[in-house]
Each structure stands twice: as structure tokens, then as C-alpha cells.
Amino acid sequence: MDHLSIMSIRVDHRTDSAPKVQEILTKNGDIIIGRFGIHDPGEINHGLITLNIRADMGRIRNMADQLEGLDGIKINHMQA
């Protein structure tokens, strides 16, 4: 069963982490309904990405695990 949910991804060390994060998000692009990314102007090397996603919980957990495996990445997930 597919679940509609929201995931936030805090990216520290953007210059180092961003390419790896982008690779994972591209690989999982078929479950991403919407994406919004910002960087904090007061914090040059930090960013926040929010995703609206629809998938089964196994697929969502797999993507979250891949992202959390990267240095400087913190994930929060909320199921609607």
C-alpha cells in the first residue's frame, strides 16, 4: 500500500554532500511528487530539502536509510 508522506532532509556541508544526495533523489525520482530546496543565507554551507513522496513504507525507509548513510545528512519523515 502506498503512503503519502513528507520527508525533510537537512544537508550540512552542502558542497560535499549535495552530489550524493542528488544521486539518491534522482534514483528515487519516481516516488517524489514534489520537492522544495532552500539554503539558509545565514549559514553558507547548510540546506534544507522537503519532499512530498508517495510509496510503500519499505521503499521510503530504503531511501531514508541511503540518505542517512551520508555524512552531514539528517532525515525527518512524517506520514500523512
Side-chain angles (χ1 to χ4, degrees):
M1 177 177 175
D2 284 352
H3 300 276
L4 182 61
S5 58
I6 299 169
M7 181 180 291
S8 66
I9 306 165
R10 180 185 162 133
V11 181
D12 294 330
H13 317 294
R14 280 179 45 223
T15 53
D16 297 329
S17 302
K20 296 170 191 159
V21 170
Q22 182 59 39
E23 181 181 329
I24 293 168
L25 296 181
T26 298
K27 191 168 47 173
N28 291 282
D30 61 316
I31 68 170
I32 298 172
I33 298 169
R35 173 180 171 172
F36 179 70
I38 59 170
H39 71 278
D40 182 347
E43 296 287 339
I44 295 170
N45 210 20
H46 299 298
L48 178 66
I49 301 169
T50 55
L51 304 174
N52 293 349
I53 52 182
R54 181 183 299 277
D56 65 76
M57 288 307 294
R59 180 86 186 272
I60 293 169
R61 186 75 247 155
N62 183 50
M63 182 174 71
D65 289 345
Q66 290 176 34
L67 290 165
E68 288 177 329
L70 301 175
D71 288 335
I73 302 299
K74 182 167 180 126
I75 302 292
N76 286 302
H77 178 252
M78 180 181 76
Q79 186 175 330

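Here the structure is a predicted model, which is why all the values come from computation and not from measurement. Quick note: residue numbers are just sequence positions, from 1.
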> Rounded to the nearest 0.5 Å, how far apart are NZ of K27 and CG of N62?
Replying inline: 7.5 Å

> N28 versus R59: any side-chain heavy-atom pair under 4.5 Å?
Replying inline: yes

>> Using side chain to side chain contact (heavy atoms under 4.5 Å, CB included), reason through V21 and I49 one step at a time and then give a plain yes or no.
In response: CA-CA 10 Å; V21 170; I49 301 169; 4.1 Å; yes

> So which heavy atom on H77 is nearest to which on S5, and how close?
Replying inline: NE2-OG, 2.8 Å

> Are L67 and M57 connected in the hydrophobic side-chain network, where two residues link if heavy atoms are under 4.5 Å apart?
Replying inline: yes

> Are H3 and I53 close enough that some pair of their side-chain heavy atoms sits under 4.5 Å apart?
Replying inline: no

>> Before you tell me yes or no, could you show the steps for I31 and D2 under side chain to side chain contact (heavy atoms under 4.5 Å, CB included), namely the whole-Å CA-CA distance, both residues' side-chain angles and the distance that decides it to 0.1 Å?
In response: CA-CA 10 Å; I31 68 170; D2 284 352; over 6 Å; no

> Looking only at heavy atoms, which two atoms of L48 and S8 are closest? And how far apart?
Replying inline: CD1-CB, 4.2 Å

> In terms of hydrophobic clustering (I, L, V, M, F, W, Y; side-chain heavy atoms under 4.5 Å; direct or indirect links), are I9 and I6 co-clustered?
Replying inline: no

>> Within this structure, what is the CD1-CG distance for the pair I75 and D65, rounded to the nearest 0.5 Å?
In response: 9.5 Å

>> A side-chain contact here means heavy atoms from C-beta on lying under 4.5 Å apart; do I60 and Q79 qualify?
In response: no

> With no hydrogens and no angle check, is any side-chain donor or acceptor of S17 less than 3.5 Å from a backbone partner on D12?
Replying inline: yes

> In Å, rounded to the nearest 0.5 Å, how long is the span from CZ of R61 to CD of E68?
Replying inline: 5.0 Å

>> So L70 and E23, do their side chains get closer than 4.5 Å, heavy atoms only?
In response: no

